[in-house]
Number of protein chains: 2
Amino acid sequence: MATGRTHRPATRSRGIPEATVARLPLYLRALTALSERSVPTVSSEELATAAGVNSAKLRKDFSYLGSYGTRGVGYDVEYLVYQISRELGLTQDWPVVIVGIGNLGAALANYGGFASRGFRVAALIDADPAMAGKPVAGLPVRHTDELEAIISDNGVSIGVIATPAGAAQQVCDRLVAAGVTSILNFAPTVLSVPEGVDVRKVDLSIELQILAFHEQRKAGEDSASAAATASAARSGAGGVRSSASRKGPDGDVPAVMPA
Amino acid sequence: MATGRTHRPATRSRGIPEATVARLPLYLRALTALSERSVPTVSSEELATAAGVNSAKLRKDFSYLGSYGTRGVGYDVEYLVYQISRELGLTQDWPVVIVGIGNLGAALANYGGFASRGFRVAALIDADPAMAGKPVAGLPVRHTDELEAIISDNGVSIGVIATPAGAAQQVCDRLVAAGVTSILNFAPTVLSVPEGVDVRKVDLSIELQILAFHEQRKAGEDSASAAATASAARSGAGGVRSSASRKGPDGDVPAVMPA
DNA sequence: GGATGTGAATCGCTTCACAGCC
DNA sequence: GGCTGTGAAGCGATTCACATCC
């Protein structure tokens with residue numbers, strides 16, 4: 001999960017569950033591919049496979065949007081592309097700014113997936129004066145001083161933060177003050193924002209850590225020694241928990257602190 | 001959510017809920033920051049705030065790991081850092097390969113967040129012969145031909161795919177055949193993998209699309225015209241179906257939705 | 001007194017299974 | 001006959017609220 005709803009008591013945004021909203025882009029991508037191959041209709045089964053979900057979930061998801069299918073037949077690809085696009089708000093143009101033009105910011109600026117949906121990179125912003133004016137992905141990098149002007153001149157409501165962690169909150173505050181109400185945060189830090197501002201976060205290392213967790217489990221299933229280690233860890237963790245005593249039952253000493 | 005568990009019947013990985021696992025890296029990050037500031041203990045309340053979750057959830061999460069706190073006092077920062085690191089498998093070294101050294105791949109290679117946890121970039125791999133040998137983030141780019149050798153020589157079990165969508169499945173297949181069992185996929189495509197291989201995906205444009213959805217809703221609350229558009233869209237969508245509308249059992253919002 | 005640890009209640013998502021319609 | 005649309009059941013995660021312990 002790479003999400004970060006900020007406050008808000010679970011706003012089931014008018015009937016469409018959050019989990020469904022998160023999958024709509026997936027369906028849209030699969031449908032767009034079908035559309036390009038001029039496939040006229042799909043069954044929930046086929047589309048679900050293409051999107052990597054199961055068909056019951058897909059049908060349920062679509063049922064929140066309306067009755068767009070035809071029983072015994074399936075869904076009209078073009079029509080569904082349109083409906084989902086509209087539901088997601090992609091039939092309109094969304095100017096976005098990217099703040100922090102390091103490696104990641106540059107990668108984002110060049111990322112085709114933004115432009116191909118309704119997103120338009122209105123400006124690239126960086127705090128380094130040496131970067132100012134340099135073209136990245138065909139756009140000149142602007143200095144942070146211009147941030148407020150850029151936001152209001154372009155009517156930007158979505159900002160992408162790709163700065164180092166230390167600068168993120170400050171950038172966030174300025175974006176919000178300038179009128180941005182949705183933020184996609186790539187900096188590894190928790191942003192605090194006022195009510196009404198949405199933040200989603202993508203943390204690259206978190207995803208890897210989750211994989212490492214499962215990977216470790218797999219290793220434990222195979223080799224005996226690894227399994228022993230793992231299960232010792234386990235019983236220390238979830239186990240009996242006799243009275244008190246932190247520290248796992250056996251040799252489980254900290255001593256060497258990891259990274 | 002940017003996840004992608006592949007098959008597997010919900011493997012509540014031996015007692016620790018998936019949702020909890022996904023938050024452990026968050027806690028770890030907050031704890032590491034406290035550790036660097038030499039803070040000896042934290043309460044669930046403080047730590048929860050720092051990690052961006054609520055304290056009840058945090059305590060519940062920690063309860064799956066064991067009783068590592070002290071009632072009336074809080075949690076020992078260093079000790080908790082160690083326990084979570086170990087639980088996540090970060091006390092060991094994880095060699096990873098990054099395949100596809102375009103803008104994004106290069107950004108990932110340079111990303112400090114990998115190295116700082118237990119991850120070590122063992123190799124950068126790209127299909128472009130012109131890239132071969134060129135240094136990126138201090139490592140020479142290797143050609144795809146060497147993929148299998150690199151995986152087995154380094155005992156790599158985690159692979160990162162940052163190729164264009166068209167190449168991703170093929171790269172994935174080769175990684176898996178060579179022994180990789182966890183994949184972090186940045187390509188905007190659904191990967192199919194055999195049982196036992198974990199895939200997590202990060203799709204940059206999906207996150208933006210989710211923000212756009214909520215942004216659109218906000219706009220509908222403000223201006224009358226926008227609201228009209230939105231609700232027209234809505235009724236066109238959910239409309240017909242005379243029989244009882246899904247939607248909350250009772251007073252679910254009509255027309256103009258509340259904040 | 002103060003904060004953890006955790007059953008119990010609640011909520012929301014997923015899955016099932018079948019009625020409804022083409 | 002085939003596939004959608006959806007109540008209802010199932011299940012996991014979140015939240016509550018308080019017993020427990022330092």
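In what follows, chains are A, B, ... by sequence order, proteins preceding strands, each numbered from 1.
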Can you measure [X] atom [atom1] to [N] atom [atom2] for me and round it to whole angstrom units?
X     : N      : atom1 : atom2 : answer
B:L47 : C:dG2  : CG    : P     : 20 Å
B:Y79 : C:dT4  : OH    : P     : 16 Å
A:K57 : C:dG12 : NZ    : C1'   : 13 Å
B:L58 : D:dT14 : CG    : C1'   : 13 Å
B:I16 : C:dT6  : CD1   : P     : 14 Å
A:E18 : C:dC13 : CD    : P     : 8 Å
B:E46 : C:dT4  : CD    : C1'   : 14 Å
B:Y64 : C:dT6  : OH    : P     : 10 Å

Test item: A:E46 side-chain N/O and A:S43 main-chain N/O as donor-acceptor pair under 3.5 Å: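 Yes; judged by distance alone, with no hydrogens or angles, the pair exists.
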A:V73 backbone acceptor or donor facing A:T70 side chain under 3.5 Å: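 No.
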Pairwise distance [atom1]([X]) to [atom2]([Y]) - rounded to 0.5 angstrom:
X      : Y      : atom1 : atom2 : result
B:L191 : B:N185 : CG    : CG    : 4.0 Å
A:R23  : B:I210 : CZ    : CD1   : 10.5 Å
A:S157 : A:W94  : OG    : CH2   : 5.0 Å

Residue pair A:D61 / A:T20, side-chain donor-acceptor N/O under 3.5 Å: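 Yes, A:T20 and A:D61 have a side-chain donor paired with an acceptor closer than 3.5 Å.
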Nucleotide N/O to protein N/O under 3.5 Å, stretch nucleotides 17-21 of chain C:
unit_1, atom_1, unit_2, atom_2, d
C:dG20, N3, A:R71, NH1, 3.1

Nucleotide of D:dG5, C:dC13, D:dT14 approaching A:S67 most closely (side-chain heavy atoms):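 Nucleotide nearest to A:S67's side chain: D:dG5.
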[X] side-chain N/O to [N] phosphate OP1/OP2 under 4.0 Å:
X     : N      : result
A:Y75 : D:dG5  : yes
A:S44 : D:dT4  : yes
A:N54 : C:dT15 : yes

Residue whose closest nucleotide on DNA chain C lies nearer the 5' end, A:V73 versus A:D61: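 The residue closer to the strand's 5' end, by nearest nucleotide, is A:D61.
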Given DNA chain C, 5'-ward residue of the pair B:E45 and A:K60, judged by closest heavy atom: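 Looking at the nearest nucleotide for each, B:E45 comes out on the 5' side.
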Option passing ring-ring contact (aromatic ring centres under 6.0 Å, His included) with B:F62 (candidates B:Y68, B:Y75, B:Y79):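 Of the listed options, the one satisfying the test is B:Y75.
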Angle by which the axis turns from one end of the helix from C:dG1-D:dC22 to C:dC22-D:dG1 to the other, five pairs per end, to 10 degrees: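 What I find for the helix from C:dG1-D:dC22 to C:dC22-D:dG1 is an axis angle of 0°.
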NZ/NE/NH1/NH2 to OD/OE distance under 4.0 Å, B:E45 and B:R59: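 Salt bridge flag = no for B:R59 with B:E45.
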With sequence neighbours excluded, residues passing side-chain contact (heavy atoms from CB on, under 4.5 Å) with B:D173: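 For B:D173 the side-chain contact (heavy atoms from CB on, under 4.5 Å) partners, ignoring immediate neighbours, are B:Q169.
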